[in-house]
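Just so it is clear, the structure is predicted and the values come from calculations on it, not from any experiment. Just the heavy atoms: all of them, side chains too, but no hydrogens, waters or symmetry mates, feed the values below.
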Amino acid sequence: MRLLLVEDDTALADLLAKALMRAGFAIDLLHDGLEAQPAPLFTEYDAIVLDLGLPGRPGLELLRDWRKQRLTTPVLILTARNAWHERVDGLKAGADDYLGKPFHTEELLARLQALLRRTAGQMQARLSVAGLTLDEDRQEVALADGTIVALTGMEFRLLRYFMCHAGKLLAKEQLTDHLYDQHNERGSNLIEVYVRRLREKIGAGFIRTQRGQGYRFGPVSDAAADAPSNQ
């Protein structure tokens, strides 16, 4: 999952960015409202964490402008302005959640994970698709038979994205854009490598290759007639 974090407090922003990266997110970090204004209109993010008290242009104005331009990306507001009427203003402007400062990083992570699950149509406490249950805190997956499988950081990112978009055809370019931030080097065959590793860990049938188009994630039963390739 790729997130846009807009926070002008550089010390707090660096702390949050590191925590979010440890939690398996790719982070693009900006500190100024004017700089942030066009960012989600040209890059597809899975969620935005937005401070309201920004230089250049206030966060509330940014949010209103994004919604007017029909941006549907979920937005979690961070702000020291925590009066009830200010929370109402943020929600009316189009925020999906609201977290007042000071806060614990663990709460931010929990709210983000819940927000992304809801966006994916998942109401459970944990992401569960096709007999697989993902533990986002431990970055491991439980198979249908109860076996617990540990995942590397990139395996976890990839499986979480697949599970949040189950049944959808996902091009390699789309996967790359959502798994890597703007600073990461992106090799042309990295997605193929991690798909192969995931198949070895969870079973080959969950991820099907559609040649020349990308990958589709779903139950093994749906994949029986469409055996995956090695890529």
Student: Is a donor on one side and an acceptor on the other found under 3.5 Å between the side chain of Arg157 and the backbone of Leu179?
Tutor: yes
Student: Decide whether Thr105 and Arg22 meet the rule of one side-chain donor and one side-chain acceptor closer than 3.5 Å.
Tutor: no
Student: Is it true that Met154 and Met21 fall in one hydrophobic cluster, defined by side-chain heavy atoms closer than 4.5 Å?
Tutor: yes
Student: Quick check: does any side chain N or O of Arg216 sit under 3.5 Å from a backbone N or O of Ile207, one acting as donor and the other as acceptor?
Tutor: no
Student: Is it true that Glu35 and Arg57 have a side-chain N and a carboxylate O under 4.0 angstrom from each other?
Tutor: no
Student: Which residue, Leu12, Leu16, Leu52, forms the side-chain contact (heavy atoms from CB on, under 4.5 Å) with Leu78?
Tutor: Leu16
Student: Using a strict 4.0 Å threshold on nitrogen-to-oxygen distance, state whether Lys172 and Glu192 make a salt bridge.
Tutor: yes
Student: If you measure from the Lys or Arg side-chain nitrogens to the Asp or Glu carboxylate oxygens, is any gap between Glu136 and Arg160 under 4.0 Å?
Tutor: yes
Student: Assess the residue pair Glu173 and Ile191 against the criterion (side chain to side chain contact (heavy atoms under 4.5 Å, CB included)); give the C-alpha distance rounded to whole Å, side-chain angles, the decisive distance to 0.1 Å, and a yes or no.
Tutor: CA-CA 9 Å; Glu173 294 79 9; Ile191 296 299; over 6 Å; no
Student: Can you measure from CG (Leu54) to CG (Leu30) and round to the nearest 0.5 angstrom?
Tutor: 9.5 Å
Student: So, Asp135 versus Gln139: side-chain donor-acceptor pair below 3.5 Å or not?
Tutor: no
Student: Give the minimum heavy-atom separation between Thr133 and Ser128, together with the two atoms involved.
Tutor: OG1-OG, 3.3 Å
Student: With a 4.5 Å limit on heavy-atom distance, are the side chains of Leu170 and His178 in contact?
Tutor: no
Student: In Å and rounded to the nearest 0.5 Å, what is the CZ to CG distance from Phe156 to Leu198?
Tutor: 11.5 Å
Student: State, to 0.1 Å, how close Lys201 and Thr152 come at their nearest heavy-atom pair, and which atoms those are.
Tutor: NZ-N, 4.2 Å
Student: State, yes or no, whether a side-chain contact exists between Leu169 and Tyr215 at a heavy-atom distance under 4.5 Å.
Tutor: no
Student: Specify the closest pair of heavy atoms between Val129 and Met163, including all atoms of both residues, with the distance to one decimal.
Tutor: CG2-O, 3.4 Å
Student: Does Thr119 reach the main-chain N or O of Leu115 with its side chain, forming a donor-acceptor pair under 3.5 Å?
Tutor: yes
Student: Ignoring hydrogens, what is the shortest heavy-atom contact between Leu112 and Leu20? Give both atom names and the distance.
Tutor: CD1-CD2, 3.5 Å
Student: Aromatic rings Phe206 and Phe217: how do their planes relate, parallel, tilted or perpendicular, breaks at 30° and 60°?
Tutor: parallel
Student: So which atom in Cys164 and which in Leu127 form the shortest heavy-atom distance, rounded to 0.1 Å?
Tutor: SG-CD2, 3.8 Å
Student: Check the hydrophobic clustering (I, L, V, M, F, W, Y; side-chain heavy atoms under 4.5 Å; chains of links allowed) and say if Phe103 and Leu5 are grouped together.
Tutor: yes
Student: Under the criterion side-chain contact (heavy atoms from CB on, under 4.5 Å), which of Leu50, Val49, Val6 is the partner of Val75?
Tutor: Leu50
Student: Same cluster or not: are Leu158 and Leu143 linked, directly or through other Ile, Leu, Val, Met, Phe, Trp or Tyr residues, by side-chain heavy atoms under 4.5 angstrom apart?
Tutor: yes
Student: How close do Ala130 and Gly218 get, heavy atom to heavy atom, and via which atoms?
Tutor: CB-C, 4.1 Å
Student: Below 4.5 Å, heavy atoms only, C-beta onward: do Leu151 and Leu159 meet side chain to side chain?
Tutor: yes
Student: Report the distance from atom CG of Leu108 to atom CD of Gln113, rounding to the nearest 0.5 Å.
Tutor: 9.5 Å
Student: Only one of Asp46, Leu29, Ile27, Ile48 passes side-chain contact (heavy atoms from CB on, under 4.5 Å) with Leu4; say which it is.
Tutor: Ile48
Student: Would you say NE2 of His104 has more than 12 non-hydrogen atoms from neighbouring residues, nucleotides or ligands within 6.0 angstrom?
Tutor: no
Student: Treating Ile, Leu, Val, Met, Phe, Trp and Tyr as nodes and any side-chain heavy-atom pair under 4.5 angstrom as an edge, say whether Leu63 and Leu91 lie in one connected cluster.
Tutor: no
Student: List the steps, then state whether salt bridge (Lys or Arg N to Asp or Glu O under 4.0 Å) holds for Lys101 with Glu7.
Tutor: CA-CA 12 Å; Lys101 299 177 181 178; Glu7 169 60 65; 2.9 Å; yes
Student: Under a 3.5 Å cutoff, is there a donor and acceptor pairing between the side chains of Gln174 and Tyr161?
Tutor: yes
Student: Are any non-hydrogen side-chain atoms of Val88 and Tyr98 less than 4.5 angstrom apart?
Tutor: no
Student: How about Glu86 and Thr79: do any of their side-chain heavy atoms sit closer than 4.5 Å?
Tutor: no
Student: Name all residues meeting the side-chain contact (heavy atoms from CB on, under 4.5 Å) criterion together with Ala114; count only those two or more places apart in sequence or in a different chain, and write none if there are none.
Tutor: Arg117, Arg118
Student: Can you tell whether the side chains of Arg111 and Glu107 come within less than 4.0 Å, N to carboxylate O?
Tutor: yes
Student: Would you check if the side chain of Trp66 reaches a backbone N or O of Glu61 as a donor-acceptor pair within less than 3.5 Å?
Tutor: no
Student: Quick one, Asp9 with Asp51, criterion side chain to side chain contact (heavy atoms under 4.5 Å, CB included). Give me CA distance, side-chain angles, the key distance, then yes/no.
Tutor: CA-CA 9 Å; Asp9 182 331; Asp51 181 41; over 6 Å; no
Student: Is Asp96 paired with Arg67 through a side-chain N to carboxylate O contact shorter than 4.0 Å?
Tutor: yes
Student: Quick one: does Leu116's side chain get under 4.5 Å of Phe25's, heavy atoms only?
Tutor: yes
Student: Got a second to check how far Arg87's CZ is from Leu99's CG, nearest 0.5 Å?
Tutor: 11.0 Å
Student: Rounded at 0.5 Å granularity, tell me how far CD in Glu44 sits from CG in Leu71.
Tutor: 9.5 Å
Student: If you round to the nearest 0.5 Å, how far is CG of Asp137 from CG of Leu109?
Tutor: 8.0 Å
Student: With no hydrogens and no angle check, is any side-chain donor or acceptor of Arg197 less than 3.5 Å from a backbone partner on Glu155?
Tutor: no
